[in-house]
Amino acid sequence: RFNVTTRIRDAGDYTIRLSVFELDDQDQPIATSEYVLSLEAGQKDQRLVLEVPGARLWSPDRPYCYRLVAQLIYPDGYDASIQAHFGLRKIEARGRYVYLNNKPVYLDGILYQPGTATYEQMKQHLKSMKALGCNLVRVHIAGVDPRIYNLADELGILLWVEVPSPHSSSKLSRENHRAELLRMLALIGTNPSIIIWSLYNEDWGAQDIATNQETQQYIIDTYHYMKIHHPQFLVVDNDGWRHVSLAGKLKSDLMTVHIY
């Protein structure tokens, strides 16, 4: 399933063509499909399904990626195109275990705070973590050079990412939190290496999580949004500290505890 955003100036019948290639093959697609749509002027999100025959799954041991080319073909035959890479993998939490591609996986991770490190330094950091035997890196409370997410895709490193925390809990901070989450999803929502998202960490920006129903409802609604629109991720509500539940059901895919 691919999420494609179209921006149309003139209403009419358009064709979206999706083509999937091996990364090292620039000419011959392994799968292609066309979708004829009547589009109104403006921006609209499309969810399109394309089967990749004999698909190879992405994993830390075999970090296999494909190249996607998406074309928007106008009524007059002109086409605009974009391309990106993607990987196919499944992540889920059942009982006490996390499963990657239907196989239990033990997450052996490290907390990573890149600070002011350059891309070349972060590249060396990730390679060193991989060499140490870590299969998971948690990019902690930071929006960093987006190239490291592509690098993790290539190296085969699982990533845990999180929205930078607000300083306080308020209506405005929740609005800013939502806007930043959506911005990050637009930027890195298709990287197969990213398997876990934290909404908050240790009550930071949600200090009233135990007493403020608006804070609790925002976290519940955001968790539900992620599970509906981005089911390819595990979602943690408030990592390591107080978790949120509704009708006796935890609104977090992982029960996490930070011990200092």
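As the structure is a prediction and not an experimental result, all values here were calculated from the model.
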- Could you walk me through whether Glu34 and Ile16 pass the side-chain contact (heavy atoms from CB on, under 4.5 Å) check? CA-CA 6 Å; Glu34 294 187 353; Ile16 297 177; over 6 Å; no

- Task: Go through Phe21 and Ile30 one step at a time and tell me if the side-chain contact (heavy atoms from CB on, under 4.5 Å) criterion holds.
- Result: CA-CA 6 Å; Phe21 298 79; Ile30 61 173; over 6 Å; no

- side chain to side chain donor-acceptor pair (under 3.5 Å) between Asp203 and Asn238: does it pass, once the steps are laid out? CA-CA 6 Å; Asp203 290 4; Asn238 179 41; 2.6 Å; yes

- Query: Please walk me through it: do Asp237 and His243 pass side chain to side chain donor-acceptor pair (under 3.5 Å)?
  - Reply: CA-CA 6 Å; Asp237 58 347; His243 292 282; 2.6 Å; yes

- Message: Checking Trp241 against His258 for the side-chain contact (heavy atoms from CB on, under 4.5 Å) test, could you report, in this order, the C-alpha distance in whole Å, the side-chain angles of both residues, the deciding distance, and whether it holds?
- Response: CA-CA 7 Å; Trp241 242 238; His258 291 178; 3.8 Å; yes

- Message: As a quick check of understanding, evaluate side-chain contact (heavy atoms from CB on, under 4.5 Å) for Ile209 and Ile219, giving each step before the final call.
- Response: CA-CA 9 Å; Ile209 190 172; Ile219 293 174; 3.6 Å; yes

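Taking the six-membered ring where the residue is Trp, Tyr112 and His125 present perpendicular rings, their angle passing 60° and hence far from 30°. By the 30° and 60° cut-offs, the orientation of the rings of Tyr97 relative to Tyr99 is perpendicular.
A salt bridge links Lys90 with Glu92; the closest basic N to acidic carboxylate O contact falls under 4.0 Å. Under the 4.0 Å criterion applied to side-chain N and carboxylate O atoms, Arg138 and Asp239 are assigned as salt-bridge partners. Under a 4.0 Å N-O distance rule, the pair Arg178/Glu175 does not qualify as a salt bridge.
In summary, the side chains of Ser168 and Ser173 do not present any donor paired with an acceptor at a separation below 3.5 Å, with no hydrogens or angles considered. The closest side-chain donor-acceptor pair between Gln217 and Asp221 falls under 3.5 angstrom. Thr215 and Asp208 share a donor-acceptor pair across their side chains, judged by distance under 3.5 Å alone.
Judged purely by atom type and a 3.5 angstrom limit, Asn191 has no side-chain atom pairing as donor or acceptor with the backbone of Ser193. A donor-acceptor pair under 3.5 Å is absent between the side-chain atoms of Asn3 and the main chain of Arg47, judged by distance alone. Using modelled atom types, no side-chain atom of Lys44 and backbone atom of Leu39 make a donor-acceptor pair closer than 3.5 Å.
Glu40 meets the salt bridge (charged side-chain N to carboxylate O under 4.0 Å, His left out) test with no other residue; sequence neighbours excluded. The ring-ring contact (aromatic ring centres under 6.0 Å, His included) search around Phe2 returns Phe86, not counting sequence neighbours.
Pairs passing the side-chain hydrogen bond (donor to acceptor under 3.5 Å, both in side chains) check and including a residue from residues 72-89, sequence neighbours excluded, read Arg67-Gln83, Gln71-Asp79, His85-Asp153.
Here the closest heavy-atom approach between residue Trp58 and residue Cys65 is recorded as CD1-SG, 3.8 Å. When every heavy atom of Gly189 is checked against every heavy atom of Phe233, the shortest pair comes out as O-CZ, 3.3 Å. Here the closest heavy-atom approach between residue Leu107 and residue Val98 is recorded as CD1-CG2, 4.3 Å.
Under the 4.5 Å side-chain criterion, counting only non-hydrogen atoms from C-beta, Leu126 is in contact with Met129.
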